[in-house]
There are 2 protein chains.
Amino acid sequence: MSDAVDAIIGQWEAERPDLTDALWPVQVIGRLQRLGRILEKEIKTFAAERGLEMGEFDVLTTLQRSGPPYELTAGAFRKAAMVTSGAITNRIDRMEAKGLVERVRDTDDRRAVKIRLTERGHEVTSAFMKDHLANEARLLADFGREGSEELAAQLRRLLEAFGDTSIK
Amino acid sequence: MSDAVDAIIGQWEAERPDLTDALWPVQVIGRLQRLGRILEKEIKTFAAERGLEMGEFDVLTTLQRSGPPYELTAGAFRKAAMVTSGAITNRIDRMEAKGLVERVRDTDDRRAVKIRLTERGHEVTSAFMKDHLANEARLLADFGREGSEELAAQLRRLLEAFGDTSIK
DNA sequence: ATTGATTATTTCAACGTTGAGATAAAAGCA
DNA sequence: TGCTTTTATCTCAACGTTGAAATAATCAAT
């Protein structure tokens, strides 16, 4: 069996035989890139159907899973979402306008801004999380749960090799 | 050992125990998303150091590996790069201004536009491909070549499950 | 041959992110 | 107490992508 990445590697071997021995990383990185893009589109569509931008979706789930008091600083989001500070300001502005989160000035450190999930934000998140997970299960249905767990173990090893060992 | 995704799943189990049985897809999809973002940033940085946008980088490599006559239609790029038609027009405009590619009207089908790699585009691509692959090998160095091949086999299975079996 | 549907690309406004600079508060140190 | 450095967030112009509408050429059917 072969996929799109096999085809790409085959093209390189034909056109640039001098690179043949150096192509092995493409087998992993090329596939991870493709899978990342496919999944991003799927989840973006899911979020859009609920009137949410993907980044907003991210903020809501990050807040809910953080547990009481359901608030995190803007900086914490920046790191969790791997985006710049401008993007976070922008997201929170939009979400505050929608009533999903509210800004609370930290009393100890007045530079910091805590983003708190509102009651409405809580309801919205609770409402879609189950469907979201069902959607992800659907995506992996053909691949199977067993295969998923095997694959997950290897992906964990790779993330560790990249030093991605914390959500902070 | 545990990574950022293990931490995320742990948070969900604590905050939403009702979802525990449905969390298994996150082990795969959460990790693929994180890896995708990490790799995207790495390659974006590599391209930027050579004065290229990531999308431009993509066009150059797609053209070179396609072999003689090093030309493809705009539509072929749209599909290969998984982006919209507007993005392709934009990319080609920029790259044409840089002298990396040129537009050639197809004589058979005059709706179609062939994008052809110029001599200069060829040189630029040849110049960075070796470094690009070395950079990817560096990223996977800790994970190892053997582990990479194992992982690649499973990722291929997953891509096939998603129906990603062609570069067309 | 004419009409309608389809296909390929371009145009363009809206959108979210980036990244540098600005603002402001806190921390470190003399 | 002052002074500098560091930290946290916001501001804003530039940038690339999206997605729908426009343009133009080909195909299909009668």
Side-chain angles (χ1 to χ4, degrees), chain A residues 33 36-38 40-49 51-60 71-98 100-116 168, chain B residues 33 36-38 40-49 51-60 71-98 100-116 168:
Chain A
Q33 286 188 114
R37 263 175 290 182
I38 290 169
E40 189 183 352
K41 250 173 209 173
E42 290 284 353
I43 298 174
K44 196 177 243 172
T45 300
F46 178 89
E49 284 166 353
L52 292 169
E53 199 61 35
M54 209 178 168
E56 304 175 15
F57 184 89
D58 227 54
V59 170
L60 288 176
E71 55 182 36
L72 290 168
T73 64
F77 282 115
R78 217 200 61 238
K79 288 168 196 160
M82 304 182 192
V83 291
T84 58
S85 59
I88 293 299
T89 299
N90 201 3
R91 285 182 192 180
I92 304 305
D93 283 351
R94 296 196 307 265
M95 296 178 74
E96 203 169 25
K98 288 184 192 172
L100 297 170
V101 300
E102 53 190 351
R103 278 186 171 88
V104 186
R105 277 278 162 197
D106 193 315
T107 44
D108 294 341
D109 184 345
R110 289 191 324 196
R111 290 169 305 181
V113 177
K114 299 239 174 179
I115 316 301
R116 182 189 295 157
K168 278 209 218 81
Chain B
Q33 287 189 112
R37 262 175 291 183
I38 290 169
E40 188 183 352
K41 250 173 209 176
E42 290 284 353
I43 298 172
K44 195 178 244 172
T45 301
F46 178 88
E49 284 165 354
L52 292 169
E53 200 60 35
M54 208 178 168
E56 303 175 14
F57 184 90
D58 228 53
V59 170
L60 288 176
E71 55 182 35
L72 291 169
T73 63
F77 282 115
R78 216 198 62 238
K79 287 168 196 160
M82 303 183 193
V83 291
T84 56
S85 58
I88 293 298
T89 299
N90 202 1
R91 285 182 192 181
I92 304 305
D93 283 351
R94 294 195 309 267
M95 296 177 74
E96 203 168 26
K98 289 184 192 173
L100 298 170
V101 299
E102 54 190 350
R103 279 184 169 88
V104 186
R105 278 279 162 196
D106 193 316
T107 44
D108 294 341
D109 183 346
R110 287 192 324 195
R111 293 170 302 179
V113 177
K114 299 239 176 180
I115 316 301
R116 181 189 295 158
K168 276 208 220 82

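Letters A, B, ... mirror the listed sequences (proteins, then strands); counts begin at 1. Side chains are part of it too, since the values below use all heavy atoms of this structure and drop only hydrogens, waters and symmetry mates. In this text, all values refer to a predicted model and were calculated from it rather than measured experimentally.
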- request: Could you tell me whether Asp93(A) and Arg103(A) have a side-chain N and a carboxylate O separated by less than 4.0 Å?
  value: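 Arg103(A) and Asp93(A): salt-bridged.
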Carboxylate-amine/guanidinium proximity below 4.0 Å for Arg91(B) and Glu53(B):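 Between Glu53(B) and Arg91(B) there is no salt bridge, as every charged N stays at least 4.0 Å from the carboxylate O atoms.
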Under 4.0 Å between any heavy atoms, over every strand shown, what does [X] touch: base, sugar-phosphate, or nothing? Just pick one.
X: Gly86(A); result: base
X: Arg78(B); result: nothing
X: Arg105(B); result: nothing
X: Asn90(A); result: base
X: Ala112(A); result: sugar-phosphate

field: Outermost DNA chain D nucleotides near chain A [under 4.0 Å, heavy atoms]
entry: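 For DNA chain D, the relevant span reads dT7(D) to dT11(D).
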- request: Using the closest heavy atom to pick a nucleotide of DNA chain D for each, name whichever of Asp108(B) or Arg111(A) lands nearer the 5' end.
  value: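 The residue closer to the strand's 5' end, by nearest nucleotide, is Arg111(A).
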query: Ignoring hydrogens and geometry, is there a side-chain-to-backbone donor-acceptor pair from Arg105(B) to Arg110(B) under 3.5 Å?
result: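 Indeed, once roles are kept as given, a pair shorter than 3.5 Å links the two residues.
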message: Both Ala74(B) and Lys44(B) contact DNA chain C. Which one's nearest nucleotide lies toward the 5' end?
response: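 Nearest-nucleotide comparison on DNA chain C picks Ala74(B).
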task: Would you mind telling me which of dA26(C), dT9(C), dT18(C) lies closest to the side-chain atoms of Asp109(A)?
output: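 Between dA26(C), dT9(C), dT18(C), the one nearest the side chain of Asp109(A) would be dA26(C).
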query: Is there side-chain contact between Leu72(B) and Lys114(B), with at least one heavy-atom pair below 4.5 Å?
result: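 Contact flag for Leu72(B)/Lys114(B) side chains = no.
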query: Can you check side-chain contact (heavy atoms from CB on, under 4.5 Å) on Ile43(A) and Gln33(B), steps first, answer last?
result: CA-CA 10 Å; Ile43(A) 298 174; Gln33(B) 287 189 112; 3.3 Å; yes
message: Quick check on the helix from dA1(C)-dT30(D) to dA30(C)-dT1(D): what's the angle between its two end axes, five base pairs per end, to the nearest 10°?
response: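 Computed angle between terminal axes is 20°.
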